[in-house]
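Computed from a predicted model, the values in this text were never measured in an experiment.
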Amino acid sequence: MMNRFEQKMIEFIASQQLKAEHLVLAQSCHSVKEAAIAVNGSEDQFVKNICMIDNEGRLIVAIVHGEDRASTSRVGKALGIDRPRLAEEAEVLERTGYPAGGVPSFGYDALFLIDPKVTEMEFIYTGGGSPNSLVRIEVEEMLNVNAGKILRIRK
């Protein structure tokens, strides 16, 4: 049965008429490795959405390749601000509307930063609203919907 977070993501995709596919899986997709196995894909097709908060309380989402890690110092330098801190799980849910482990790359108010390595792919899998769901979307479509800035933010 679909949960309210998955339902919210499906409604967002429909309301924006996104060319995206929402997948609800029987197993957890909390890690990139688990998610790749679940969709019979490879780990390099996935992105991670790392939620950070700057000194002014602004939510910044660093979108990096599934095998990479986001660098808070690179994010700070790229934006010309003090180094942001990682958001806590409760803040992730409160600010994105989705639980950690299911956060999508779009669909809520944030400053989205996309590592250039992500843009080399045709499509990606991103969080689908819950730890058991994913969204498959073309990178071009994701960039259009989240109005993200492409900046080198990986470690």
Side-chain angles (χ1 to χ4, degrees), residues 1-54 57-72 75 84-115 117-150 153-155:
M1 194 172 134
M2 195 167 307
N3 73 30
R4 65 188 172 106
F5 300 114
E6 293 162 356
Q7 190 60 47
K8 183 173 157 184
M9 179 56 12
I10 289 168
E11 287 166 9
F12 181 83
I13 289 168
S15 74
Q16 300 297 306
Q17 298 177 324
L18 298 180
K19 291 180 291 238
E21 187 183 359
H22 188 268
L23 309 162
V24 178
L25 304 151
Q27 67 267 57
S28 169
C29 313
H30 195 80
S31 74
V32 170
K33 191 181 211 95
E34 288 173 337
I37 292 166
V39 297
N40 214 359
S42 70
E43 292 184 31
D44 61 9
Q45 296 170 312
F46 290 81
V47 296
K48 291 191 289 205
N49 304 297
I50 310 301
C51 298
M52 304 175 183
I53 296 178
D54 72 9
R58 183 172 52 164
L59 179 63
I60 300 167
V61 178
I63 302 173
V64 295
H65 205 260
E67 296 160 335
D68 290 331
R69 293 182 57 199
S71 164
T72 52
V75 167
R85 64 176 175 80
L86 292 176
E88 293 166 23
E89 269 191 49
E91 291 173 312
V92 170
L93 179 57
E94 182 188 315
R95 304 291 295 274
T96 69
Y98 297 97
V103 175
S105 301
F106 52 84
Y108 48 91
D109 189 28
L111 172 59
F112 294 93
L113 305 179
I114 297 101
D115 190 79
K117 210 165 144 187
V118 172
T119 65
E120 294 166 11
M121 301 188 289
E122 187 184 341
F123 70 89
I124 53 156
Y125 288 98
T126 183
S130 77
N132 283 56
S133 63
L134 295 166
V135 171
R136 183 184 191 272
I137 188 169
E138 286 183 14
V139 170
E140 198 73 20
E141 188 87 335
M142 176 203 57
L143 292 169
N144 288 339
V145 72
N146 72 13
K149 294 181 177 173
I150 298 168
I153 51 171
R154 70 184 179 272
K155 281 194 173 160

Heavy atoms of other groups near E67 CD, more than 12 under 6.0 Å: yes

Partner of I137 by side-chain contact (heavy atoms from CB on, under 4.5 Å), out of L134, V139, V135: V135

Any side-chain donor near an acceptor of the partner, S105 and N146, under 3.5 Å: no

Sidechain-backbone polar pair: K48 side chain, D68 backbone, donor-acceptor under 3.5 Å: yes

Heavy-atom donor-acceptor pair, E141 side chain to K19 backbone, under 3.5 Å: yes

Full working for side-chain contact (heavy atoms from CB on, under 4.5 Å) between F106 and F12: CA-CA 9 Å; F106 52 84; F12 181 83; 3.5 Å; yes

Stepwise side-chain contact (heavy atoms from CB on, under 4.5 Å) check, R95 with Y108: CA-CA 8 Å; R95 304 291 295 274; Y108 48 91; over 6 Å; no

Over 12 foreign heavy atoms within 6.0 Å of CD, Q16: yes

Nearest heavy-atom neighbours spanning M142 and I124: SD-CD1, 3.7 Å

S130 versus N132, side-chain donor and acceptor atoms under 3.5 Å: no

Stepwise side-chain contact (heavy atoms from CB on, under 4.5 Å) test for S133 and H22: CA-CA 7 Å; S133 63; H22 188 268; 3.8 Å; yes

R85, CZ: over 12 other non-hydrogen atoms inside 6.0 angstrom: yes

Intermediate values then yes/no, side-chain contact (heavy atoms from CB on, under 4.5 Å), F5 and T96: CA-CA 11 Å; F5 300 114; T96 69; over 6 Å; no

